[in-house]
Number of protein chains: 2
Amino acid sequence: MEANLQKASSEELILSAAQEVFMEKGLAGARMQEIADRAGMNKALLHYYFRSKEKLFQVVITKAISSLLPRLLGVIETDLDLFDKIRHLTSEFIGFLNKNSFLPVFIVNEINRNPQFFFKNVVRQEKAHLDSFQRQVEEAVHQGRIRPISPDQLFMNMMSMVVFPFLAKPVFKEALGIPEEEYQRVIDRRRIEVADFLIQSLRP
Amino acid sequence: MEANLQKASSEELILSAAQEVFMEKGLAGARMQEIADRAGMNKALLHYYFRSKEKLFQVVITKAISSLLPRLLGVIETDLDLFDKIRHLTSEFIGFLNKNSFLPVFIVNEINRNPQFFFKNVVRQEKAHLDSFQRQVEEAVHQGRIRPISPDQLFMNMMSMVVFPFLAKPVFKEALGIPEEEYQRVIDRRRIEVADFLIQSLRP
DNA sequence: GTCTATATTCCGATAGAC
DNA sequence: GTCTATCGGAATATAGAC
């Protein structure tokens, strides 16, 4: 309560500046000097708070991932009907990414550079939640409510349609020949359209 | 003919080593020393052939993109039926990426770091081909052969489902709890399943 | 905790012999 | 064309005053 009213501490300033720079430039491309500048303080302070660039990066990326994951799992573990769950998941997720549109590039990039890191710190215990989604799909198939489909493939399709437009934004914008604001609108329409597209495909 | 029998020239050795390293580490993360090592020669030679790291990178990325694009546009400009075109496109594309699975991460990454570069060198004149695909979709909607859908959204969905599983491979592997070879099989099944999924969704 | 100044490491690039 | 040796700059990291 009280803490929220204080202006941000140096540590917080560094972290948010670091997140910006790392997301734009990646680990190797980021400069401690630039982070310091954006945080409005001296380079040496970064080392005072976080020993090294590597350590700072680790903190930033861990925070980024844990801002993303719980949000999804929260929706997955509700006891909604399959179609409603799909609608909530896609809409929530796209809405969130729209406010953090650098996150996907950042995560994809670093996850591919250093795969083992993530699965030490994140994921792992979250797999159970995913399994429950898979079972829900299988059940719906069994009841004939949706056409036969592999839960894995459905999951991949859903995630792909949600995340990829953020990764490929510059390409799509150019390919479709539309400016920034228009692309924003196209993306925003996807909060509904992706779920529609999925559900249409699932008709028996 | 004859040239193919020669062993690779230094220039070719550098280029293929450079592609490897740039794809794994990105522009900023790559080291000229490592490229030289993998090419089995001295660092100074890289500068002899390609003045600078930047120049070398430019050659590599231009080659990479032009290995990808014509393949897609070739399929788009055939006069196949819409569904057949979708089947060909997805299958071709996934098959190609399966043999160049680092390419998507590389391109997404660098395209976001430096968007303007690409649209100077690539794309641009290719937009016409895409427009013809868009028109074909609109026509099919008009004829009632498929349900009403925005061509843009369909195009994004198709590309997303094709490319994203390569970008998110480490995550999907972990999330689905399957080993490398199994993931290969899942991807390979997608050469058919993605088209099926799309076409199912398009039913009127 | 925060700064200035400096040490240290790393890496792209060049010079010059062969 | 290819190598060894080295330069010069940039960036991370530390020392030490305040």
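In what follows, chains carry the letters A, B, and so on, assigned in the order in which the sequence lines appear, proteins first and then strands, with residues in each chain numbered from 1. Computed from heavy atoms alone, side chains included, the values below leave out hydrogens, waters and symmetry copies.
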Result block: side-chain N/O donor-acceptor pairs under 3.5 angstrom for residues 47-55 of chain B, not counting sequence neighbours:
from  : atom 1 : to    : atom 2 : distance (Å)
B/S52 : OG     : B/K55 : N      : 3.2
B/K53 : NZ     : B/L27 : O      : 3.0
B/K53 : NZ     : B/A30 : O      : 2.9

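- Distances shown here put a side-chain N or O of A/S10 below 4.0 Å from the OP1 or OP2 atom of C/dT2.
- For A/E54 and D/dT12, the CD to C1' distance is 11 Å, given to the nearest whole Å.
- Annotation: salt bridge (Lys or Arg N to Asp or Glu O under 4.0 Å) contacts of B/E182 (sequence neighbours excluded): B/R185.
- Residues satisfying the side chain to side chain contact (heavy atoms under 4.5 Å, CB included) criterion with B/N100, sequence neighbours excluded, are B/F96, B/L103.
- The shortest side-chain heavy-atom distance between B/F172 and B/I178 does not fall under the 4.5 Å cut-off.
- Electrostatic pairing of B/E92 and B/K85 does not count as a salt bridge here, judged by no charged N lying under 4.0 Å from a carboxylate O.
- The distance from atom CD1 of A/I14 to atom C1' of C/dG1 is 11 Å, rounded to the nearest whole Å.
- The listed nucleotides are D/dT12, C/dA13, D/dG1; the one nearest the side chain of B/Y49 is D/dG1.
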Using distance only, find each side-chain donor-acceptor pair of residues 17-24 of chain B under 3.5 Å and give its atom names and separation, not counting sequence neighbours.
from  : atom 1 : to    : atom 2 : distance (Å)
B/E20 : OE1    : B/R38 : NH1    : 2.7
B/E24 : OE1    : B/R38 : NH2    : 3.0
B/E24 : OE2    : B/R38 : NH1    : 3.2

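- To the nearest angstrom, C1' of C/dT2 lies 13 Å from CG of A/L13.
- If you check residues 20-43 of chain A against DNA chain C, the residues with a heavy atom closer than 4.0 Å are A/M41, A/N42, listed by number.
- Side chains of A/R203 and B/Q200: no donor on one and acceptor on the other come within 3.5 Å.
- Side-chain atoms of A/R191 do not come within 3.5 Å of backbone N or O of A/D188 as any donor-acceptor pair.
- Picking from D/dT12, C/dT14, C/dT2 the nucleotide with the shortest atom distance to the side chain of A/L45 gives C/dT2.
- For B/L46 and C/dT14, the CG to P distance is 13 Å, given to the nearest whole Å.
- At D/dT14, none of the side-chain N or O atoms of A/H47 fall inside 4.0 Å of OP1 or OP2 (strictly under the cut-off).
- What separates NZ of B/K55 from C1' of C/dA13 is a distance of 13 Å, to the nearest Å.
- Atom-to-atom, CZ of B/R51 to P of C/dA15 comes out at 11 Å; the value is rounded to the nearest Å.
- Between A/I146 and A/V137 the shortest side-chain heavy-atom distance falls below 4.5 Å.
- Rounded to whole Å, atom C1' of D/dA10 lies 12 Å from atom NZ of A/K53.
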Show the distances under 3.5 angstrom between N or O atoms of the protein and N or O atoms of nucleotides 16-18 of chain C.
none

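- In this entry the distance linking CZ of B/F50 with P of C/dG12 reads 16 Å, nearest Å.
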